[in-house]
Amino acid sequence: MSEARDTIGLVTSVILSSKNPTAVKAEALVVATAQTSDGVAVVSDQLPTDLLTQLESLAPQLGVTGARDEVRKIPAGPKLAVDVLVLTGLGERAEDGTFATETLRRAAGAATRELAGLRSAAIALPASDDDEITAVTEGALLGAYVFNRYRTTGRSTEKEAAKDAAKDARNRKDPVAAIEILTPLHKNAKAKVVAERAQVVAAAVHAARDLVNTAPNELYPATFADAAKAAAKDVRHVKVTVLDDKQLASGGYGGLTAVGQGSARGPRLVKVAYTPAKPNGKVALVGKGITFDSGGISIKPAAGMEAMKSDMAGAAAVLSTVVAAAKLNLPLAITGYLCLAENMPGGNAQRPADVVTIYGGKTVEVLNTDAEGRVVMADGLVSAVEDGHDVVLDIATLTGAQVVALGTRTSAVMGTDTVRDEVKAAADASGELFWPMPLPEELKSNIKSKVADVANSGPRWGGMLNAGLFLQTFVGDHPWAHLDIAGPAFNDGGAHGYTPGGGTGVGVRTLLGFLEGRAAAEKAEK
Ligand code: BES
Ligand code: MN
Ligand code: ZN
């Protein structure tokens, strides 16, 4: 990852301001539209009435319906100080006349996605309380994300590149450079705090997306470990320790060792520990970090294999979440365990029928080398439980069965009932789609091994639950939840709302929401 490349695809700055949308100066002004019983309404009471009337009556000709995910750009005309007006749809109002915060988040993101290449934009969406400011700020930043690291300008000299920087940014559609969010609360202290938080959250999601989008020839266990160190550098109270392949082998981490041994690039276990001065709770986050999943000897079909660069999305979410929690000064000790390996069919690769010993001593019969995630996660989970946390959460692109069951946009959560429900509530509040799944006792026979304590794969049916039950073997009855993000972690299709194509950064907001909830609850108890 060269430095020159890292300077491309820059971040978007945000400020809150109370300027009137009519007077605000920017290249674009974003305004919401809504569906009403008799057509389209522009959701703004500050734009000139004649402009509102004109927009609403011309809506059919403009193709504006106010539907969700609909974005239209039109010339702003002489009444406004901006060049372009961007209309973003919110759909229908709820019974109480408001819009769900997730609707605002998506509409803001759908709009900023269309602003790539611009220098400045003002956003006049509903932002009159903390939740709305959070949603609009998060959505705007999440939608502004662009991954341009591998796109060159085609200019060969630095001088030329410097001269044409603005032009290149437009052509390459870099993220909109500066956003001004219009809100009556721009001077309110709490509003500033929530806007700051939203920026930390968005930066964390962006960092997770960047890792997922990075090509797997560049991002492998050793460079992922470097990325973890770089991300934690200068972040107070965060320490990164790395176990390399030799230390893993001699330390008894048989899962990571077995999965990693088919690759020329050895596995790593990275611990990212955030330890604030007076923590009032201790949480472990374990992430699956398969930097490329070829399937190993049980090799995957060629079609679609490229998406398996995203098989480290769980570890990326964990790293980003711990760093964000530290930046937000949460009063919780949090340790991230990044289980990093590359699953390749090299000459030393593990075979179906191999028996490996997980950290702590339990044995696993490897029936399918493509069920590698659970094998590396087993090492991480035992290690996390051993370290004595109040609760252990794990997050992984674990099973194709997750995608079959819930599709590409809804993740699954299973585990100890109360922790599972706590994760689901955090997901709901953050705007991420998660759905609870059971871990039926009677399916345990699916992962019985004829020779070892447990087998790493079983029958196809209930594949997501089999994987969950496998992980459960290694946490015992410790408070725990398992998040399977196989489908939602990587968007193979077109962008929607604030979600771009490629890495989505899913899980970061839910994990962070969970931690914030814990931090607040633990505090209240004291
Ligand atoms: N990384 C995959 C799961 C996956 C599939 C993630 C599709 C994202 C999209 C995992 O390692 C895997 O290959 N699982 C197998 C397990 C099976 C062999 C028991 C699967 O789900 O097919
Ligand atoms: Mn696999
Ligand atoms: Zn995998």
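Count residues from 1 along the sequence. In listed order, ligands and their atoms are each counted from 1. All heavy atoms count here, side chains included; hydrogens, waters and symmetry mates do not.
The minimum heavy-atom distance between L393 and L511, with the atom names listed, is CD1-CD2, 3.7 Å. Heavy atoms only, all atoms of each residue included: V259 and I290 are closest at CG1-CD1, 4.1 Å.
Classification of the F474-F470 ring pair by plane angle, with boundaries at 30° and 60°, yields tilted. Classification of the Y337-H389 ring pair by plane angle, with boundaries at 30° and 60°, yields perpendicular.
Looking only at its N/O/S atoms, D311 has OD2 as the one nearest to the Zn ion (ligand 3). When the N, O or S atoms of D293 are ranked by distance to the Zn ion (ligand 3), OD2 comes first. Shortest distance from the Zn ion (ligand 3) to E372 is reached at OE2 (N/O/S atoms only).
Protein residues are said to neighbour a ligand when one of their heavy atoms lies under 4.0 Å from it; for ligand 1 these are K288, D293, K300, M308, D311, N368, D370, A371, E372, R374, T397, L398, T399, G400, S457, A486.
Considering only heavy atoms from C-beta on, V212 stays 4.5 Å or farther from K309 through its side chain.
Comment: R106 does not engage D69 in a salt bridge, judged by the lack of any side-chain N to carboxylate O separation of less than 4.0 angstrom.
Checking A371 against the Zn ion (ligand 3), every N/O/S atom stays at or beyond the 2.8 Å cut-off. Metal site remark for the Zn ion (ligand 3): D370 contributes no N, O or S atom at a distance under 2.8 Å.
Checking side-chain atoms of Y253 against main-chain N and O of V376 turns up no donor-acceptor pair under 3.5 Å.
Protein N/O/S atoms found under 2.8 Å from the Mn ion (ligand 2): D293 OD2, D370 O, D370 OD1, E372 OE1.
Enclosure of atom NZ in K300 by more than 12 non-hydrogen atoms of other residues, nucleotides or ligands within 6.0 angstrom is indicated.
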